[in-house]
Each structure stands twice: as structure tokens, then as C-alpha cells.
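Labels below follow one simple rule: chain letters A, B, ... track the order of the sequence lines, proteins then strands, and each chain is numbered from 1.
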2 protein chains.
Amino acid sequence: MNFELDFRSGIPIYVQVVEHIRHMVLRGDLEPGDQLPTVRSLALDLRVNFNTIARAYRLLDEAGIISTQQGRGTYILSLPPPEVTDELRRKSLRSLVHQHLLDASRLGAAPEEILKLLQEQVDHWKQTGSLDNPENDKQS
Amino acid sequence: MNFELDFRSGIPIYVQVVEHIRHMVLRGDLEPGDQLPTVRSLALDLRVNFNTIARAYRLLDEAGIISTQQGRGTYILSLPPPEVTDELRRKSLRSLVHQHLLDASRLGAAPEEILKLLQEQVDHWKQTGSLDNPENDKQS
DNA sequence: TGTATGATTGTATCATTGTACCAATTGTAT
DNA sequence: ATACAATTGGTACAATGATACAATCATACA
């Protein structure tokens with residue numbers, strides 16, 4: 001469960017946690033039956049209060065993505081049928097793009113700049129068939 | 001945080017607070033990561049309304065000097081010199097786009113689909129001038 | 001087995017943080 | 001005096017944190 005929080009984005013921490021876990025489930029990083037970190041351990045990991053994690057877990061529980069059980073822990077639920085996940089995939093993809101735009105605009109990028117960069121990397125992707133790292137790695 | 005306000009100077013309180021804090025940061029009295037007083041405690045200290053302090057903090061936040069986080073507090077930010085941040089911005093942006101592509105491809109998106117979605121949302125952005133949610137999102 | 005006890009889980013509630021919105025006040029120009 | 005804009009204050013709200021609690025599990029021991 002390795003992801004970073006952005007305390008400056010204005011997006012509530014519990015929302016960030018919800019989105020991260022949703023993405024991990026859709027990507028298959030988390031499979032049905034897998035146990036999530038306890039509210040306390042994940043909170044310690046992310047340097048936030050465990051109530052904030054508990055809130056995220058509650059939302060995920062209400063969304064039918066996980067199952068939280070007092071005294072036992074929280075677990076990934078089985079995935080909905082393909083047509084549902086496909087719809088979910090589209091929504092998730094759109095939401096991902098939206099999130100990406102927010103992140104980029106926070107870095108001061110203009111729409112054209114984002115499109116240009118994406119176009120470049122997509123071209124590279126189509127040519128080489130692989131998603132290499134563009135000669136640098138992740139910063140904040 | 002010991003400074004006096006001049007209620008007769010004609011200079012708005014929130015401006016005085018902004019200038020004082022900027023000065024303290026430049027002098028090194030406040031270092032990156034330091035937590036500022038809460039809006040309410042500083043307001044009590046200075047005998048003004050906490051909204052006035054909140055206004056000062058908001059301006060400092062927009063200026064990139066501090067980071068205000070609802071429910072957590074406000075903290076001094078570290079800001080590298082302009083040329084560094086500009087270089088960093090480009091690298092961050094490229095790496096952000098790359099990460100985005102990775103995420104999207106894990107969701108099974110083809111290059112064209114990603115570009116198309118981004119184009120849509122960028123168009124919407126340019127038309128409305130705001131990055132509101134594309135009325136989708138959140139679970140099944 | 002059965003039960004007692006402590007550790008570990010999530011839950012409930014309230015305090016503390018900053019935010020949003022609008023009303024009241026103040027200063028200033030007409 | 002009046003009107004207007006800027007500043008400040010009041011109130012309600014949202015996000016996060018602190019604390020106490022309840023449910024479950026692990027362990028020891030009779």
C-alpha cells in the first residue's frame with residue numbers, strides 16, 4: 001500500500017485514499033479477499049489520523065468495494081460482473097483524466113502544454129510499443 | 001509570533017499580518033515546516049476576528065509561502081529559487097504525464113482513447129474556464 | 001472444552017482545525 | 001447626507017484529530 005498524499009491539493013485526504021484504493025482494485029493490485037491495512041497502520045503510514053482512514057473505508061464499504069468488520073479488519077469484496085466493471089472502467093478512466101488535469105494545472109501547466117506532452121509520450125508509446133520512463137523519475 | 005498591530009495606520013489588519021509573516025520567513029524566524037498559530041489563536045492573540053487572520057493566511061497560501069490545510073493547520077512552505085522550480089516543474093509535469101499514461105494503460109485504455117478523453121476535458125476546461133467534475137465519478 | 005484476559009480490530013462522539021457566506025462597520029468620494 | 005467599496009465580524013459548516021468504546025481474536029490456564 002504505497003502511495004503518497006497531497007496535503008496541499010485541497011482534495012480531502014479521505015477522498016484521496018478512496019480514489020487510490022479504487023484504482024488499485026480496478027488495476028488488480030488488490031484482489032477479492034485481500035485484507036487491507038488496518039485503519040491504524042495505514043494512518044501511521046500516511047501520517048494522518050486513523051479516523052480519516054476509517055472514513056475512507058466507510059465510504060468504500062458503502063460503495064460495495066470493501067467489507068469492514070469491527071474487530072476483524074477490512075477486506076476487498078468480489079468484483080461486480082464484467083459489464084458493470086466495464087462501465088466502472090470508463091468512469092474511472094474519465095475520473096483519472098480529470099484528476100490528471102487537476103494535478104497538471106496545479107503545476108501551472110496550460111491546456112496546450114499538457115496535450116502536447118501527452119501527445120509526445122503517446123507517439124513514443126505507439127512507436128516503441130512500451131511505456132519507458134522519459135529519462136527522469138518522480139518528483140513532487 | 002510576537003508582533004504588534006497598528007490599528008490607526010490605515011493599513012488593513014490582514015495586510016499587516018501578511019507583511020509580518022513574510023518578513024519573518026525572509027529573516028528565517030520561520031522555517032519550512034514550522035506550524036503557524038491557528039487562525040483562532042492568533043486572532044485571540046492580536047485581538048481581531050479569526051476571519052481576518054484566515055484572510056491573511058489565504059493570501060500567503062496563494063503566494064506559495066504557506067500551506068493551509070483544513071483540519072490540520074497551516075505550515076511554512078519551502079520554496080526553491082525560481083529557475084530551480086521552473087526546471088522542476090517541467091520534470092514533474094513530464095513525469096506526471098508519464099505516470100498518468102501508466103495508470104490509464106493499466107485500466108486497459110488505448111492511446112487514442114486517452115488522448116480523446118483528455119482532449120474532451122481540455123476543451124471543456126477552455127470553454128468554461130474551470131475544472132469541474134465531468135458529472136461522472138464515484139463507484140458503480 | 002470452557003473461560004478469563006489482553007491485544008487488536010473498527011466505531012462513536014466530540015474537540016479543533018480552516019472555509020464559505022453574508023451582515024455589519026468603516027472610510028471615502030460624490 | 002448618500003452611496004459605494006473595502007474591511008471586519010458572526011454564524012454555520014467541512015475536514016481532521018483525540019479519546020473512549022465495543023467487537024473480535026489470540027493466548028493461557030483450569
(request) Would you please test V97(A) and E120(B) for side chain to side chain contact (heavy atoms under 4.5 Å, CB included) and show each step? (result) CA-CA 10 Å; V97(A) 169; E120(B) 281 175 8; over 6 Å; no

(message) Distance check needed: dT7(D) C1' versus R8(B) CZ, whole Å only.
(response)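 In whole Å, dT7(D) C1' lies 19 Å from R8(B) CZ.
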
(request) Measure the shortest side-chain to side-chain distance between R94(B) and L117(A) over non-hydrogen atoms and say whether it is less than 4.5 angstrom. (result) yes

(request) Taking the side chain as every heavy atom from C-beta outward, state whether R55(A) and V17(A) have any pair of such atoms under 4.5 Å apart. (result) no

(request) Return the 5'-most residue of the pair Q35(A), L36(B) with respect to DNA chain C, ranking by each residue's nearest nucleotide. (result) Q35(A)

(request) By nearest nucleotide on DNA chain D, pick out whichever of V15(B) and G71(B) is the more 5' one. (result) V15(B)

(request) For P12(B) and for I11(A), locate the closest nucleotide of DNA chain D by heavy-atom distance; then report the residue assigned to the nucleotide nearer the 5' terminus. (result) P12(B)

Working to the nearest 0.5 Å, report the span between [atom1] of [X] and [atom2] of [Y].
X: D29(B); Y: H20(B); atom1: CG; atom2: NE2; result: 12.0 Å
X: L115(B); Y: E112(B); atom1: CG; atom2: CD; result: 7.5 Å
X: I53(B); Y: R40(B); atom1: CD1; atom2: CZ; result: 12.0 Å
X: T74(A); Y: Q69(A); atom1: OG1; atom2: CD; result: 8.5 Å

Please check the phosphate of [N] (OP1 and OP2 only) for any side-chain N or O of [X] closer than 4.0 Å.
X: Y14(A); N: dT16(D); value: no
X: T52(A); N: dA15(D); value: no
X: R55(A); N: dA15(D); value: yes

(request) Please work out which residues in residues 41-49 of chain B have a non-hydrogen atom less than 4.0 Å from an atom of DNA chain D and list them by number. (result) V48(B), N49(B)

(request) Please determine if E113(A) and K116(A) form a salt bridge, counting it only when a charged side-chain N lies under 4.0 Å from a carboxylate O. (result)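 No, E113(A) and K116(A) are not salt-bridged.
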
Taking N or O atoms only and anything under 3.5 Å, show me the protein contacts with nucleotides 19-29 of chain C, one pair per line.
unit_1  : atom_1 : unit_2 : atom_2 : d
dT19(C) : OP1    : T68(B) : OG1    : 3.1
dA20(C) : N6     : N51(B) : OD1    : 2.8

